[in-house]
Trainee: 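Here it is: the structure, laid out below.
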Amino acid sequence: MTDILSGLNEKQREAVQYTEGPLLLLAGAGSGKTRVLTHRIAYILERQLCEPWQILAITFTNKAAGEMRERVDRLIPGQGQDVFVSTFHSMCVRMLRRDIDRIGYQRDFSIYDTDDQRTLMRGILKDLKMDPKQYRERGVLAVISDAKNRMIDADLYEQNASDFFERSVAKLYKEYEARLKKNNALDFDDLLLKTVDLFKEEPDVLSSWQNRFYYICVDEYQDTNMVQFELVRLLSAKYKNLCVVGDDDQSIYKFRGADITNILDFEKCFPGAKVIKLEQNYRSTKNILRVANEVISHNEGRKDKTLWTENPEGELPTFTEYATAGEEAEQVVKQAMNAPFALREQAILYRTNAQSRLFEEKCIRESVPYVIVGGVNFYQRKEIKDILSYLRIVANGVDDLACQRVVNVPKRGIGDTTMERVAQFAGQNGISIYDALCTALTIPEVNKGTAAKIAGFVDVIETLRETLKAHDDGCGLKELIESVRDNTGYAEEMKKEGPVEYETRMQNIEELISKAVDFEENYTPEDDADSMSLLASFLEDVSLVADIDRTNDDDDVLTMMTLHAAKGLEFDRVFLCGMEEGLFPSQASINSQDPKGEIEEERRLCYVGMTRAKKVLTMTSAGERMINGETRSARPSRFIDEIPSDAAVISRRRRSAASWDDNDAFNDGELFSRRDTYSCRSDRREYGTDRGSRRYEGFGDSAGFGYYQTSNSFEGSGYGSLDHTSARSEKKAQSAMKGFVKGSAIEKQKPDYGVGDRVNHTKFGEGTVTAMEERPKDWQVTVEFDDWGQKVLMAGFARLEKC
DNA sequence: TCGAGAATTGTTTTT
DNA sequence: CAATTCTCGA
């Protein structure tokens, strides 16, 4: 007992011991909430308030689930493994696997990922002859997903459809559902939704789970959506021992339905709920925390709390604006390389996955070992999806999508036209594609030659089924995958793509095999899921793996990932990169219907990023970067503006105040939104080759900019207080700072030319200055150009050169 | 049926 | 820019 409660502060201890009844734990970043959760579970176990398997703990990732199990196990040896720790999605799969047949699905259902969903929707649009320009599958699916997250089914959606578009979407929604059902498949949202359906339609199923779980904990509660709320509500209804942990300031998944009111209104929904706030931060330095607090304080409607720490001051966070994204990446990688921290203790965080490319490039160049979390998910890679599709057909014969995906992979001479006919035949006879293929010879429209090829494919599948059956004692995944690789001609097909691709693909398949072996070894048939095959569980498991789950912390490598992926992690040093208006906060959030709300979400994301840092926070931006093949320029993020000047070392590139204002207009909508609202392609056509930065004349070229720095001097920054390596870094840091001059935030300079002088402009060429007028933030210059006539320019913006 | 080259189109963020 | 779709010739 003393063990479990020792080392906890008063609040934490209170939370650990408050086991009965609803509890809302408002846990700020780095306040030790995982610690509280694990100790709480251990406390319950030690007190023998219930059996391990009667505790349900829901985490955000599978990795977190594993870690929690481990940590509990360390506190109460031998019992941690039996606690039901899981993500919402995995939990639902387990529950559905047991009982989904009671609501009209088969228990060997497939799980469709985003790609599968899109393929399915594309087919629907085609069959219903809807204009794919008008109904883009991505958009339609987003609407459907949104509806599902709010527990609006197709019928209800139809009833509420108020305009033509919505009625069309309703039709698509219905068809989409029908096809999922026909394929015996569920999408991600369904996993949650169907579980709720199951609970509502089969009360005894619900009560069996209700009876089982005496204690329920939900981590990252601020990111739960309505369906998840409903699940939690239902499951906890009997014993009401529900503990939710979250931080409204870290709610960053609104886009996928997370509803912040779940946490804000917890006390209303669960009367008598106890609220405990954890406000002491154990992770970051005072200086990092101050910056994070300052930024997040710009949000309205938060739960009142102030994070504080007893940690040392630490050094001031820095912000540096580089000229280009390339330079940003290079400097960041070099700094990481020379910092007095192990690579694994540092992370590069960014808003979008696309930003990783440059960092990756620089890491390769500098030979810095790195790992990118996210981007293209392992299980979405072509070769993996292909192989899994084979396995899906083996497991679930009615999965048409899987069938269509690999029927001609490797090339068997079964083309689109043939498959079109087969699909039609299948539809007419109400059978699955695979069943249709099995009887290909009887399909009149399919000619004999192709039918023979089809028979070859069917043969492959049947052989695989044999392989599986031959190992009914539960060892066969490895053989199965190897069989797909080696006996279908798949390996040969890959060779054609070139040796490099071949190698990486083979490696990926190897990785899949070891995953499979691993899975098999740890596989314990569910107490109640008797006949459910090992294969089906493997496939279900595999589709729920997030990329973060696959990272191992053993290697000393530099980690790069999106801010979203960084949630829940911590590093000694964090690089927060790409802090530019239009990127972070994203242009979409600025242009959205609800800019205020969306920018607040971006700000929370920023807060999450900053609070990942334990000792050093380094923020950067680029004056220009390539986006969609166009060089675009941007001013530093508004979040940088929100940092008080004495709280960080802020180095912006020198720009006149006037150009800032223009730049604001540029970034805050006008020009970009036009590109978004209307076709940006028409722009391209109209302007021909005059693309990108040249179109926004005056922004693209960075020549002529200097640096200046606001706030205090460099004293106290750098790595002086750390160790020897630090001296080196300090030097590096200083030399990187070369060219920076001290100055105030906004400083207008009188140009070095005057009325009557000859000047040169990058676009307009030479001309004579005819007038100069001082403006509040800049000098306005009138020039009579030789070739272009009179122009009125802002000096800080036009970069005129005296000649 | 299939491949190569052209054209088009797109970015948040993810279980 | 890069990923995906389209188009056309064999």
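Note on naming: letters A, B, ... go to the chains in the order of the sequence lines (proteins, then strands), and numbering restarts at 1 for each one. On a predicted model such as this, the values are computed, not experimentally measured, just so you know.
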Trainee: Over all strands shown, is A:N353 touching base, sugar-phosphate only, or nothing at heavy-atom distances under 4.0 angstrom?
Mentor: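 Result for A:N353 = sugar-phosphate.
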
Trainee: With a non-hydrogen cut-off below 4.0 angstrom, is A:E220 in contact with a base, only sugar-phosphate, or nothing?
Mentor: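 Nothing: the residue A:E220, judged by heavy atoms under 4.0 Å, touches no strand.
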
Trainee: NZ of A:K382 versus C1' of C:dA2: gap in Å, rounded?
Mentor: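 Rounding to the nearest Å, NZ of A:K382 and C1' of C:dA2 are 18 Å apart.
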
Trainee: Output the rounded distance in Å from CZ (A:R604) to P (B:dT12).
Mentor: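 Distance, rounded to whole Å: 18 Å.
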
Trainee: Distance check needed: B:dG10 C1' versus A:Q587 CD, whole Å only.
Mentor: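 Distance check: A:Q587 CD to B:dG10 C1' gives 15 Å.
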
Trainee: All N/O contacts under 3.5 Å from nucleotides 4-9 of chain C to the protein, with atom names and distances to one decimal?
Mentor:
none

Trainee: On DNA chain B, check which nucleotide each of A:T418 and A:H564 is closest to and give me the residue with the more 5' one.
Mentor: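 The residue mapped nearer the 5' terminus is A:T418.
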
Trainee: Can you tell me the distance, in whole Å, between the CZ atom of A:R625 and the P atom of B:dT12?
Mentor: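 Taking CZ of A:R625 and P of B:dT12, I get 15 Å after rounding.
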
Trainee: Could you note down all residue pairs passing ring-ring contact (aromatic ring centres under 6.0 Å, His included) where residues 111-140 of chain A supplies at least one of them, sequence neighbours left out?
Mentor: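 Every pair satisfying ring-ring contact (aromatic ring centres under 6.0 Å, His included) with a residue in residues 111-140 of chain A: A:Y135-A:F165.
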
Trainee: Kindly say if A:N408 contacts the phosphate of B:dC2, meaning a side-chain N or O under 4.0 Å from OP1 or OP2.
Mentor: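 A:N408 to B:dC2 OP1/OP2: side-chain N or O found under 4.0 Å.
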
Trainee: So, using side-chain hydrogen bond (donor to acceptor under 3.5 Å, both in side chains) as the criterion, who are the partners of A:N353 when residues are at least two apart?
Mentor: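 Checked A:N353 against side-chain hydrogen bond (donor to acceptor under 3.5 Å, both in side chains); zero matches.
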
Trainee: Would you indicate what A:R118 reaches in the nucleic acid, counting non-hydrogen atoms under 4.0 angstrom: base, sugar-phosphate, or nothing?
Mentor: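 Counting heavy atoms under 4.0 Å across all strands, no contact is made by A:R118.
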
Trainee: Quick check: A:F60 with A:H89 (ring centres under 6.0 Å apart)?
Mentor: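 Ring-ring flag for A:H89/A:F60: false, centres at least 6.0 Å apart.
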
Trainee: Would you check if the distance from the ring center of A:H298 to the ring center of A:F639 is below 6.0 Å?
Mentor: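 Ring centres of A:F639 and A:H298 not closer than 6.0 Å.
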
Trainee: What nucleic acid atoms does A:R136 come within less than 4.0 Å of, heavy atoms only: base, sugar-phosphate, or nothing?
Mentor: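 Answer is sugar-phosphate: A:R136 comes under 4.0 Å of backbone atoms only.
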
Trainee: For A:K411, report the nucleic acid contact type (base, sugar-phosphate, nothing); a contact means any heavy atom under 4.0 Å.
Mentor: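 Here A:K411 touches the backbone only, sparing every base.
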
Trainee: Give one of base, sugar-phosphate or nothing for A:F88, where a contact means two heavy atoms less than 4.0 Å apart.
Mentor: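 Nothing, no heavy atom under 4.0 Å.
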
Trainee: Stacking check: are the rings of A:F255 and B:dT14 less than 5.5 Å apart at their centres and under 30 degrees in tilt?
Mentor: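 It does not: the ring fails the test against the base of B:dT14.
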
Trainee: Check side-chain hydrogen bond (donor to acceptor under 3.5 Å, both in side chains) between A:R357 and all other residues, then give those that pass, not counting sequence neighbours.
Mentor: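 So A:R357 forms no side-chain hydrogen bond (donor to acceptor under 3.5 Å, both in side chains) with any residue.
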
Trainee: Considering only NZ, NE, NH1 and NH2 on the basic side and carboxylate oxygens on the acidic side, decide whether A:R122 and A:E137 come within less than 4.0 Å.
Mentor: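 Salt bridge flag = yes for A:E137 with A:R122.
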
Trainee: So, OP1 or OP2 of B:dC2: does either fall under 4.0 Å of a side-chain N or O from A:R412?
Mentor: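 No, outside the criterion.
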
Trainee: Whole Å only: how far is the CZ atom of A:F60 from the C1' atom of B:dT15?
Mentor: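 Taking atom C1' of B:dT15 as the reference, CZ of A:F60 is at 7 Å.
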
Trainee: For A:I627 and C:dA2, give me the distance from atom CD1 to atom C1', rounded to whole Å.
Mentor: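 Atom-to-atom, A:I627 to C:dA2, this comes out as 14 Å.
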
Trainee: With sequence neighbours excluded, what pairs up with A:D113 under the side-chain hydrogen bond (donor to acceptor under 3.5 Å, both in side chains) test?
Mentor: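 Counting only residues at least two positions away or on another chain, A:D113 forms a side-chain hydrogen bond (donor to acceptor under 3.5 Å, both in side chains) with A:K385.
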
Trainee: Does a salt bridge link A:D116 with A:R392, judged by any charged N lying under 4.0 Å from a carboxylate O?
Mentor: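 Here A:D116 pairs with A:R392 in a salt bridge, since their nearest N and O are under 4.0 Å apart.
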
Trainee: Base, sugar-phosphate alone, or nothing: which one does A:S543 contact when heavy atoms must sit under 4.0 Å apart?
Mentor: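 Since no nucleic acid heavy atom lies under 4.0 Å of A:S543, the category is nothing.
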
Trainee: A:R632 CZ to C:dC1 C1': how many Å, rounded?
Mentor: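 Taking atom C1' of C:dC1 as the reference, CZ of A:R632 is at 13 Å.
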
Trainee: Which part of the nucleic acid, if any, lies within contact of A:T352, taking any heavy atom under 4.0 Å across all strands shown: a base, the sugar-phosphate backbone alone, or nothing?
Mentor: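 Since only primed, P, OP1 and OP2 atoms lie under 4.0 Å of A:T352, the category is sugar-phosphate.
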
Trainee: Does A:T562 have a side-chain nitrogen or oxygen under 4.0 Å from the phosphate oxygens OP1 or OP2 of B:dT14?
Mentor: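 Yes.
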
Trainee: Using the P atom as the point on both nucleotides, what is the distance between C:dT4 and B:dT13, in whole Å?
Mentor: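 Result for the P pair: 14 Å, nearest Å.
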
Trainee: Holding to side-chain hydrogen bond (donor to acceptor under 3.5 Å, both in side chains), I want the full list of residues that pass it with A:Y221, two or more places apart in sequence or in another chain.
Mentor: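 A:Y221 satisfies side-chain hydrogen bond (donor to acceptor under 3.5 Å, both in side chains) with no residue once adjacent residues are dropped.
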
Trainee: Roughly, in whole Å, what's the span from CD1 in A:I414 to P in B:dC2?
Mentor: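 Between P of B:dC2 and CD1 of A:I414: 9 Å.
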
Trainee: Which nucleotide in the list B:dT15, C:dC1, C:dA3 gets nearest to the side chain of A:R357?
Mentor: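 Of all the options, the side chain of A:R357 is nearest to C:dA3.
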
Trainee: Hey, which of these two, A:G413 or A:A354, hits DNA chain B nearer its 5' end, going by closest nucleotide?
Mentor: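 Its nearest nucleotide being more 5', the pick is A:G413.
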
Trainee: Could you tell me whether A:E602 contacts a base, only the sugar-phosphate backbone, or nothing, with contacts defined as non-hydrogen atoms closer than 4.0 Å?
Mentor: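 Since a base atom lies under 4.0 Å of A:E602, the category is base.
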
